[in-house]
Visitor: 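Please find one structure pasted underneath; my questions will follow.
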Amino acid sequence: TGAPAADPPPLKNFILPSGGLAASFLHLARTTCRRAERKIVPLIRKENIQKEVGQYMNRLSDYLFTAARIAAKKAGKEEVIYRKQ
């Protein structure tokens with residue numbers, strides 16, 4: 001992990017894509033990664049590609065989410081908590 005000062009606080013709620021420009025772009029990249037991951041799953045099931053490809057995409061989306069949270073914290077921006085309406 002990074003330095004403790006860079007670590008975002010633990011999540012207690014869902015958050016919406018937010019936190020400034022860099023964080024927003026990282027959230028967008030994560031969304032694209034997740035979409036690709038969903039398209040890869042059927043290929044893994046048919047054994048057209050290795051399961052490690054799916055695992056990589058999953059870890060990449062986790063990384064992008066964490067990077068977005070760190071970018072928001074470093075920018076001093078608030079993360080928007082999802083509130084069911």
Side-chain angles (χ1 to χ4, degrees):
T1 64
D7 288 343
L11 280 177
K12 297 177 183 164
N13 301 293
F14 286 108
I15 60 168
L16 297 173
S18 55
L21 188 61
S24 294
F25 277 115
L26 287 162
H27 281 296
L28 181 60
R30 177 177 180 263
T31 300
T32 303
C33 182
R34 294 283 293 153
R35 187 178 320 124
E37 183 182 359
R38 286 191 300 274
K39 292 192 181 278
I40 286 170
V41 169
L43 297 173
I44 294 169
R45 288 186 182 143
K46 292 179 186 177
E47 298 183 7
N48 290 343
I49 62 173
Q50 298 171 334
K51 67 179 181 180
E52 289 81 10
V53 174
Q55 292 169 342
Y56 174 83
M57 295 301 288
N58 183 268
R59 299 304 184 280
L60 179 59
S61 70
D62 288 348
Y63 169 80
L64 291 168
F65 181 72
T66 302
R69 296 196 66 222
I70 291 170
K73 184 174 181 183
K74 284 188 174 186
K77 303 287 185 176
E78 292 280 325
E79 293 178 311
V80 177
I81 295 173
Y82 171 77
R83 304 252 186 246
K84 189 174 182 177
Q85 296 184 10

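Note that the structure is a prediction, hence the values are computed from the model and not measured. Residues: numbered from 1 along the sequence shown.
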Visitor: Are more than 12 heavy atoms, taken from residues, nucleotides or ligands other than Glu52, located less than 6.0 Å from that residue's CD atom?
Guide: yes
Visitor: Looking at Glu78, I want to see if its CD is surrounded by more than 12 non-hydrogen atoms of other residues, nucleotides or ligands under 6.0 Å.
Guide: no
Visitor: Would you mind reporting whether Arg69 and Phe65 have side-chain heavy atoms less than 4.5 Å apart?
Guide: yes
Visitor: Can you give me the closest heavy-atom contact between Met57 and Ile40, atom names plus distance?
Guide: CG-CD1, 3.6 Å
Visitor: Do Leu60 and Val53 land in one hydrophobic cluster if side-chain heavy atoms of ILVMFWY residues count as linked below 4.5 Å?
Guide: yes
Visitor: Show me, pair by pair, the donor-acceptor contacts under 3.5 angstrom made by side chains of residues 11-34, not counting sequence neighbours?
Guide:
from: Ser18; atom 1: OG; to: Leu16; atom 2: O; distance (Å): 2.9
from: Ser18; atom 1: OG; to: Val80; atom 2: N; distance (Å): 2.9
from: Ser24; atom 1: OG; to: Gly20; atom 2: O; distance (Å): 2.8
from: Arg30; atom 1: NE; to: Ser61; atom 2: O; distance (Å): 3.4
from: Thr31; atom 1: OG1; to: His27; atom 2: O; distance (Å): 3.0
from: Thr32; atom 1: OG1; to: Leu28; atom 2: O; distance (Å): 3.2
from: Arg34; atom 1: NH1; to: Glu37; atom 2: OE1; distance (Å): 2.8

